Amino acid sequence: MQQQMDLLADLTTPQREAVTFQDGPMLVLAGPGSGKTRVITHRIAYLISQGVKPGNILAITFTNKAAQEMRQRVQALSAPPGSTICTFHSLAARLLREFADRAGLARDFSIYDEADQKSALRQVLKLCEMDSQNYPPRRVLTHISKWKNKFITPELLNPDELDFFDNRVALIYKAYQGYLHSNVALDFDDLLMRLALLLRDDQEFRDQLNSRYRYILVDEYQDTNSCQYQIARGLALNHSNLVVTGDPDQSIYGWRGADIGNILAFEEDYPQAYIVRLEENFRSTPEVLTLADQIIKANYRRKDKQLFTVKSSGPPCELVEYYDEKEEAQGMVRWIQQCRHESLQYRDLAVFYRVNSMSRALEEALRRDRIPYQIVRGIEFFQRREIKDLLAYLRLLINPSDQVALRRIINQPTRGIGNTTVNRLFDHCQSTGLDIQLVLADPEQVATLKSTAKSRVKKFSELIRHLQEQADNSVSQIVQLVYEKSGLARFYDEEKNEDAVNNVNELCNSAALYENESPDPSLADYLQQIALISDTDAYDDQAGCVNLMTLHAAKGLEFPAVLIVGVEDGLIPHSRRDEGENDIEEERRLLFVGLTRAQEKLTLSYARNRMQQGSKKACIPSRFVRNIPSLVCHTSEYDYSFDDDSNDFSNLDSDDSSAQDWESNPDDDILSFNSLARGQLIRHPSLGVGRIQKLSLVRDNPKAEVQFRSGLRRTLYLKYAHLEPLDPRDD
DNA sequence: GGTCCAACATTTTTT
DNA sequence: ATGTTGGACC
């Protein structure tokens, strides 16, 4: 009883309603910073205190990080353990493994990430005799993914309703599924789709799960796709004890099939649903909230809500203009230093950007000033060549049919088994119907192979068999053994590839860590966990450093001070998404998510010029932040033209040389230079009239940055561009 | 069969 | 600007 009092002690009325709501469907509309996680964790603890068995509770989150945090917070409420708190994908992987026979799967299926999918698709295209020029793997995979996310299996596609290209992709889709099946592999989308299918078609399975999970909570419901929607529905079909929480304004995954309609239509799906609105914000200052509200209210597809905060006033939100991305990065450094003067710690600070590639310029500036930072980009490590190779060996031990893994490592390190040999091996499998492992073990039967190739293949097969015999060892021991016996260790050693060696060591550490933390460690489970790691999982709130991440990765986090860089048209909204109004609204929500991460201080910035794919582009501030009354806008007060690394000529006297001198001595750098100074009005033969913003030397070549009347801004080398100085009086 | 170089795509976001 | 892929050459 005492415990129950504590559980409800400092909750607001709507929070308490959500926590104590007993049976049936409920929708919790939770604005940013409204204590949503708190409600979920307290609800789990509350249900248990009411006699619900922990094992009957299932909470589904979107990221492993969120699941982990939720688990810790439930534990902190001294609730007994045993409830299931995981992501959709890990739930699916777990259940499909547990009920593999019902699902028509082998227990030890591989999970294919994007790279694996791509490699699989390339093979499929070859089998279908289609070329990757007309059917770019990436594009095809996106297409297939969209179908899968909509819960559309290949059989469901009607050729008559598809255009030519879609019909071809549908064929590839079918072949790709067949290929994955023969590889005993599922991709990310398959995990969800297969679970959704099983729930739909296998009543016994569904009933069993319905009684196992009696209370279901789905977080971030606004980001669910059709499969996830069907899973949630199917899991609660018999009891309808389904609580979903989310915020339509934070739906940012439409591009990967999430349907904001799922949350908007929850009340229609469950007419008896109880609805709770959490509108009180405990995170941000009124300044931050006002700005976020002014921006998001331009959206049409939303549920209007009245956000309010109890927090006291803070500094105004600012929008700062910079010349280019480099200066924006320097501006970031000064922003960080200023925050520190305001007695904030590094770990209190976060910098968000729209695309990963923008982190480069920021990183350089941070390194130069020795500011500690972490980039929230978790999968990067697991995509490194050496890590993927080692993992492919491990995968092959668990799932010998995994052709993608086999192709990856059969000649890594090089053992004289080239592409031709591999293709001949698989051709032989195809024509005889034999399993690849059998053929590898007995290459003599492959008539097309030369004897050298045969003996090499045989040797490789023996290596794999030898490694398979080590399966009794602990996970970390297996990792170590495979690393050494595969020849990778010697290979990197001889190559003096220190990075690779260090990274492999780190993988060994991760395996050891897994071993210690997992209640029931196994290699298969370890591989599954790794396969489902995401970027956002990398955020370490204990690290004492500035946090850099994409706007997407920022969801669910909060920081005392937030800087969002690159708030420009073309980035937010991104240029690839400014067709449909739905896309624009999602981009606006993405900015909204970023804004509402800030607790105290919120700064936005944009650059007038940005280097993209090797060329410089002129930029304008994002349409989302134009004419926003509560946003204080200013150009960076710092005059950059005086502290560039390159030489600066802006202080040279421009009066002792005339236009005639420039024209008569076009080859004389100094003289011609003197006629052109910063602020000088000029005419370019084709670009028209403009003003020089900055002069500098690049490897002894004088360079001018010119702002033209047309709005165009260009960097011009005086050597090539004939700039004619104009008298201001002609202006 | 392996290695090296050139052309090509690629960068929007991610489980 | 960078990483990947495919082709030419060894």
Side-chain angles (χ1 to χ4, degrees), chain A residues 60-67 86-93 111-115 117-119 122 131-133 136-139 141-142 145 148-149 186-193 220 223-225 227-228 251-258 352-361 376-380 382-385 411-424 449-450 452-453 456 528-538 549-555 566 570-578 583 586-587 589-591 593-594 610-616:
Chain A
I60 306 175
T61 60
F62 238 72
T63 64
N64 297 302
K65 192 86 204 166
C86 62
T87 66
F88 269 109
H89 287 83
S90 63
L91 176 74
I111 298 174
Y112 279 2
D113 68 11
E114 212 176 316
Q117 291 180 58
K118 221 168 145 185
S119 144
R122 284 188 183 285
D131 60 312
S132 53
Q133 304 282 2
R138 240 216 94 117
R139 204 176 140 203
L141 281 169
T142 310
S145 177
K148 287 187 179 178
N149 285 328
L186 300 179
D187 63 23
F188 292 136
D189 301 323
D190 283 335
L191 290 172
L192 302 177
M193 196 169 71
E220 311 280 15
D223 283 326
T224 50
N225 63 29
C227 290
Q228 291 162 329
S251 166
I252 54 174
Y253 286 105
W255 51 272
R256 79 172 199 215
F352 305 150
Y353 37 83
R354 178 64 177 83
V355 296
N356 275 309
S357 59
M358 290 168 68
S359 69
R360 178 155 288 172
V376 178
R377 210 190 286 167
I379 54 167
E380 205 185 26
F382 293 97
Q383 283 171 344
R384 304 190 76 97
R385 240 261 217 51
N411 201 31
Q412 188 67 36
T414 47
R415 33 177 87 88
I417 306 176
N419 245 322
T420 340
T421 306
V422 175
N423 286 334
R424 282 173 185 163
L449 286 187
K450 290 195 203 121
T452 45
R456 285 164 176 170
Q528 177 186 306
Q529 277 202 19
I530 284 181
L532 296 177
I533 280 177
S534 73
D535 274 339
T536 38
D537 299 332
M549 67 194 84
T550 63
L551 283 162
H552 281 89
K555 191 171 77 162
L571 281 170
I572 321 176
H574 196 274
S575 51
R576 301 222 172 166
R577 301 199 62 180
D578 61 1
D583 280 356
E586 181 160 308
E587 292 285 303
R589 291 194 293 268
L590 184 57
L591 180 59
V593 166
R610 191 174 292 278
M611 204 67 146
Q612 271 166 336
Q613 289 147 232
S615 69
K616 201 170 197 169

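Here the structure is a predicted model, which means the values were calculated and not measured. Basis for what follows: all heavy atoms, side chains included, without hydrogens, waters or symmetry-related copies. Proteins come first, then strands; the chains are lettered A, B, ... in the order of their sequence lines, and each starts at number 1.
- Projected onto DNA chain B by closest heavy-atom contact, A/Glu586 and A/Leu449 fall at different nucleotides, the more 5' of which corresponds to A/Leu449.
- Here the P atom of nucleotide B/dT12 and the CG atom of A/Leu590 are 14 Å apart, to the nearest Å.
- Nucleic acid contact class of A/Ser90 (heavy atoms, under 4.0 Å, all strands): none.
- In this structure, A/His552 has its ring center closer than 6.0 angstrom to the ring center of A/Trp255.
- In this model, the phosphate group of B/dT12 is not approached by any side-chain N or O of A/Arg256 to a distance below 4.0 Å at OP1 or OP2.
- A search for side chain to side chain contact (heavy atoms under 4.5 Å, CB included) contacts involving A/Pro413 returns A/Tyr393, A/Arg415, A/Leu488, A/Phe491, not counting sequence neighbours.
- Between A/Gln228 and A/His89 there is a side-chain heavy-atom pair separated by less than 4.5 Å.
- For the pair A/Arg122 and C/dG6, the criterion of a side-chain N or O lying under 4.0 Å from OP1 or OP2 is met.
- The same atom, C1', is picked in B/dT11 and in C/dG6; the two are 22 Å apart, to the nearest Å.
- Within the structure, every side-chain polar atom (N or O) of A/Thr87 is placed at least 4.0 Å from both OP1 and OP2 of B/dT15.
- Using a 4.0 Å heavy-atom cutoff across all strands shown, A/Arg385 reaches no nucleic acid atom at all.
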Show the distances under 3.5 angstrom between N or O atoms of the protein and N or O atoms of nucleotides 2-8 of chain B.
unit_1 : atom_1 : unit_2   : atom_2 : d
B/dG2  : OP1    : A/Asn411 : ND2    : 3.4
B/dG2  : OP1    : A/Gly416 : N      : 2.9
B/dG2  : OP1    : A/Ile417 : N      : 3.3

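- The nearest whole Å value for the distance from the CD1 atom in A/Ile530 to the C1' atom in B/dT15 is 16 Å.
- Using cut-offs of 30° and 60° for the angle between ring planes, the A/Tyr253 and A/Phe62 rings count as parallel.
- A/Asn149 places a side-chain N or O within donor-acceptor distance of the main-chain N or O of A/Arg256, the cut-off being under 3.5 Å.
- One atom, CD of A/Gln528, and another, C1' of B/dT15, lie 13 Å apart when rounded to the nearest Å.
- Using a 5.5 Å limit on the distance between ring centres and a 30° limit on the angle between planes, the aromatic ring of A/Trp255 counts as stacked on the six-membered base ring of B/dT13.
- Note: CZ (A/Arg354) to P (B/dT12) measures 9 Å, nearest angstrom.
- Between A/His574 and B/dT12 there is a side-chain N or O to OP1 or OP2 distance below 4.0 Å.
- A close approach under 4.0 Å does occur between a side-chain nitrogen or oxygen of A/Asn356 and OP1 or OP2 of B/dT14.
- Considering only side-chain N and O atoms, A/Thr550 lies under 4.0 angstrom from the phosphate OP1 or OP2 of B/dT14.
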Exercise for the section: In sequence, state the C-alpha distance, the side-chain angles, and the governing distance for A/Lys555 and A/Thr63, and then conclude on side-chain contact (heavy atoms from CB on, under 4.5 Å). Expected result: CA-CA 10 Å; A/Lys555 191 171 77 162; A/Thr63 64; over 6 Å; no
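- The OH atom of A/Tyr253 sits 7 Å away from the C1' atom of B/dT13 (whole-angstrom rounding).
- When side chains are defined from C-beta on, A/Val355 counts as touching A/His574, because their heavy atoms get closer than 4.5 Å.
- Between A/Arg576 and B/dT12, a side-chain N or O to OP1/OP2 separation shorter than 4.0 Å is present.
- Computed from coordinates, the A/Glu587 CD to B/dT13 C1' distance equals 8 Å when rounded to whole Å.
- If you take CZ of A/Arg138 and C1' of B/dT14, they are 10 Å apart, rounded to a whole angstrom.
- Here C/dG3 presents its P atom at 14 Å from NZ of A/Lys118, a figure rounded to the nearest Å.
- Judged as a side chain to side chain contact (heavy atoms under 4.5 Å, CB included), and not counting sequence neighbours, the contacts of A/Arg424 are A/Thr420, A/Thr448, A/Leu449.
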